[in-house]
Amino acid sequence: MPETPVIGHITLTVSDVKRSAEFYNKLFGTQTMKDIVDDFGPFVVSGSPTLVIGFRTHEATKSADSFDAERIGLDHCAFHVGARSDLDAWESRLDEEGISHSGIVEDASGVHLNFKDPDNIALELFYPAQQG
């Protein structure tokens with residue numbers, strides 16, 4: 001069996017590619033790497049050495065539409081952190097940026113900090129429970 005692949009990038013359909021790129025760049029310290037219009041429409045890619053996120057608006061994308069985790073497709077996107085204490089730092093960062101969030105929540109699977117991007121896409125910072 002081949003080795004499990006690593007996620008190389010995620011591309012999100014959004015209502016405004018520039019607004020989304022600015023949100024993620026500011027939050028994660030990434031930079032815009034590509035800003036083009038191709039055959040499908042506006043496309044922006046933001047990234048760092050460890051994270052690459054693309055933002056696309058398709059011709060049929062409605063600017064008034066927003067994300068709904070209950071529809072087929074993405075439920076949420078989780079970013080794992082290296083230590084439980086990192087979630088405290090991220091909670092402070094979200095507060096500094098005025099981003100509403102769940103607060104730090106712990107359950108059997110780990111410790112979560114949930115929030116949403118400008119299109120209501122559900123995002124999570126997550127520290128998994130230690131396997132024993």
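Both Phe115 and Ile10 are members of a single hydrophobic cluster when ILVMFWY side chains are connected at heavy-atom separations under 4.5 Å. Residues Val81 and Val111 are members of one and the same hydrophobic cluster, defined by side-chain heavy-atom contacts under 4.5 angstrom among Ile, Leu, Val, Met, Phe, Trp and Tyr. Both Leu74 and Val17 belong to a single network of hydrophobic side chains, linked directly or stepwise wherever heavy atoms of I, L, V, M, F, W or Y lie under 4.5 Å apart. Using a 4.5 Å cut-off between side-chain heavy atoms of Ile, Leu, Val, Met, Phe, Trp and Tyr, with links allowed through other members, Leu125 and Val105 fall into different hydrophobic clusters. Hydrophobic clustering keeps Leu51 apart from Val45 (ILVMFWY residues linked when any side-chain heavy atoms are closer than 4.5 Å, directly or through intermediates).
Leu123 CG to Leu12 CG: the interatomic distance, rounded to the nearest 0.5 Å, is 8.0 Å. Note: Leu27 CG to Ser46 OG = 11.5 Å, rounded to the nearest 0.5 Å. Between atom NE2 of residue His76 and atom CD1 of residue Ile121 there is a gap of 13.0 Å, rounded to the nearest 0.5 Å.
Residue pairs that meet the salt bridge (Lys or Arg N to Asp or Glu O under 4.0 Å) test with at least one member in residues 113-124, sequence neighbours left out, are Arg19-Asp119. For the salt bridge (Lys or Arg N to Asp or Glu O under 4.0 Å) condition, the pairs that include at least one residue of residues 42-64, sequence neighbours left out, are Asp38-Arg56. Evaluation of the ring-ring contact (aromatic ring centres under 6.0 Å, His included) test over residues 10-30, restricted to residues two or more places apart or in two chains, returns Tyr24-Phe55, Phe28-Phe79, Phe28-Trp90.
Taking each heavy atom of Val44 and Ala21 in turn, the nearest pair found is CG1-CB, 3.6 Å. Nearest heavy atoms, Ser66 versus Asn120: CB-CB, 4.2 Å. Closest approach of Gln31 to Asn25, counting heavy atoms only: N-OD1, 3.5 Å. Residue Thr61 comes nearest to Ser15 through the heavy atom pair CG2-CA, 4.4 Å, listed as atom of the first residue, atom of the second, then distance.
His58 meets the ring pair (Phe, Tyr, Trp, His ring centres under 6.0 Å) test with no other residue; sequence neighbours excluded. With sequence neighbours excluded, the residues that form a salt bridge (charged side-chain N to carboxylate O under 4.0 Å, His left out) with Lys26 are Glu97. Every residue two or more places apart in sequence or in another chain that forms a ring pair (Phe, Tyr, Trp, His ring centres under 6.0 Å) with Phe126 is listed here: His80, His112.
With a 4.5 Å cut-off on side-chain heavy atoms, Ile53 and Thr30 do not count as touching. Within the 4.5 Å cutoff, the side chain of Glu91 has heavy atoms near those of the Asp95 side chain.
Distance alone, capped at 3.5 Å, is enough to place a donor-acceptor pair between the Thr57 side chain and the Val14 backbone.
By the neighbour-count criterion of 12 heavy atoms within 6.0 Å, atom CD1 of Ile36 is densely surrounded, having more than that number from other residues, nucleotides or ligands.
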